[in-house]
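The chains referred to below are lettered A, B, ... by the order of the sequence lines, with proteins before strands, and numbering in each begins at 1.
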Protein chains: 2
Amino acid sequence: MTQDDSPPAAAQPDRFAHAREAQAVALLEDYVEMIGDLMAELGEARVADIALRMGVAQPTATKAVARLKREGLAVSRPYRGVFLTDSGAELADRVRARHRTVVAFLVAVGVPEEVAELDAEGMEHHVSATTLRAFEAFLAEKG
Amino acid sequence: MTQDDSPPAAAQPDRFAHAREAQAVALLEDYVEMIGDLMAELGEARVADIALRMGVAQPTATKAVARLKREGLAVSRPYRGVFLTDSGAELADRVRARHRTVVAFLVAVGVPEEVAELDAEGMEHHVSATTLRAFEAFLAEKG
DNA sequence: TTTTAAATATAGCCGTGGCTATATCGCATG
DNA sequence: CATGCGATATAGCCACGGCTATATTTAAAA
Ligand SMILES: [Mn+2]
Ligand SMILES: [Mn+2]
Ligand SMILES: [Mn+2]
Ligand SMILES: [Mn+2]
């Protein structure tokens, strides 16, 4: 080998910034997806149900909903259910589809279902559009 | 279909708790791996170099090092370089190996190198031992 | 219609992980 | 050996995402 095969140090900060960026929206994505699920199942998403499914205390869910509202992803009136805005619903659909693809892909390469589900919940937020397409292509040609 | 094919709501909190758990150690893993790199390259890891490569301000790196010390992963004396403890070095090696496997796996399934490097930096922290073994098996039988 | 229980909001705490500004220290240079 | 500069530490700010305890509101029951 005539050249160093490790990434140049100068490129590293971008990698970490990229990961930090993805992480910053991860929680929003999970909340939005789950609120979409609850709306589909029950017609509305109550804070108590959100907290229960996320495995957090109720004030934690209330605070997260406040952030979703600030970001224009959800709407709600005091003491009532939470609803997604158009852009929130659109995000929820994208996130849900990505989640399913990541799980299916992991299973396809030999990861047990339960483990795939656990790992995908964190991994999914770092899967770029390009990588997602690679996963889809793999699934397509594997059948 | 006679049954619901989506995961039961009762299982969801564990998924999210699992992802939160992985995320809580993600930064420690990246710092430890990078300090190991710097020690190998330069003999010691200076806070300035750590900050530069992580793409953060110097006090941010200093604070992270303080946490590493509290967790028993690193040692340092004021105004001197940072060094890994045995358990820190051991963690660094594991994390580095996992990082390489994840990148190689992504490339093997068709993700461009640069994208694989970016996505892996975040994904790696959510790849369990079981999933990692599946990735290794895939790489082995693909050659 | 009153009372009570459940749901939600609010207050206030903590640790993490960013930042800027500034104080302090160590070392090379003059 | 003094001094100045670069590296490190410290102080203090912020947002996020957890938590418990408590106030408030809604809605059901009496
Ligand atoms: Mn998730
Ligand atoms: Mn998900
Ligand atoms: Mn990483
Ligand atoms: Mn890494």
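Note that OG1 of B:T131 is 3.5 Å distant from CG of A:D119, once rounded to the nearest 0.5 Å.
The shortest distance between the side-chain N/O atoms of A:R70 and the OP1/OP2 oxygens of D:dC16 is below 4.0 Å. Within the structure, a side-chain polar atom (N or O) of A:T62 is placed less than 4.0 Å from OP1 or OP2 of C:dA9. A close approach under 4.0 Å does not occur between any side-chain nitrogen or oxygen of B:T60 and OP1 or OP2 of C:dG17.
Going from atom CZ of A:R20 over to atom P of C:dG17 covers 11 Å, rounded to whole Å. Put simply, OH on A:Y79 is 18 Å from P on C:dA5, counting in whole angstrom units. Here D:dG18 presents its P atom at 10 Å from CG of A:D30, a figure rounded to the nearest Å. Taking atom OH of residue A:Y31 and atom P of nucleotide D:dC16, one finds them 13 Å apart after rounding to whole Å. A straight line from CZ of B:R77 to P of C:dC27 spans 10 Å, rounded to a whole angstrom. Here the C1' atom of nucleotide D:dA27 and the CD atom of A:E44 are 13 Å apart, to the nearest Å. Remark: P of C:dA6 and CG of A:D49 are 15 Å apart, rounded to the nearest angstrom. Rounded to whole Å, atom C1' of D:dG17 lies 15 Å from atom CD1 of A:I50.
No hydrogens or angles considered: nothing links the side chains of B:E121 and A:H126 as a donor-acceptor pair under 3.5 Å. Side-chain contact of B:Q23 with A:H125: a donor-acceptor pair under 3.5 Å is absent, judged by distance alone.
Comparing D:dC16, D:dA7, D:dC19 against the side chain of A:P59 picks out D:dC19 as the nearest. Closest to the B:R67 side chain, of the nucleotides C:dT16, D:dG17, D:dT25, is C:dT16. Listed nucleotides C:dC27, D:dT24, D:dT8 differ in distance to B:R80; the shortest reach to its side chain belongs to C:dC27. The side chain of B:Q58 lies closest to D:dT8, out of D:dT8, D:dT20, C:dG12.
Mapping B:R46 and A:Q23 onto DNA chain D by nearest heavy atom places B:R46 closer to the 5' end of the strand. Nearer to the 5' terminus of DNA chain D, by closest-nucleotide assignment, is the contact made by A:L27 (compared with the other of A:L27 and A:P78).
The existence of a salt bridge linking A:E71 and A:K69 is excluded, since no basic side-chain nitrogen approaches an acidic carboxylate oxygen closer than 4.0 Å. Under 4.0 Å is where a charged nitrogen must lie from a carboxylate oxygen, and between B:D93 and B:R96 at least one such pair does.
Contact annotation for A:A57: base contact, defined as any heavy-atom pair under 4.0 Å involving a base atom.
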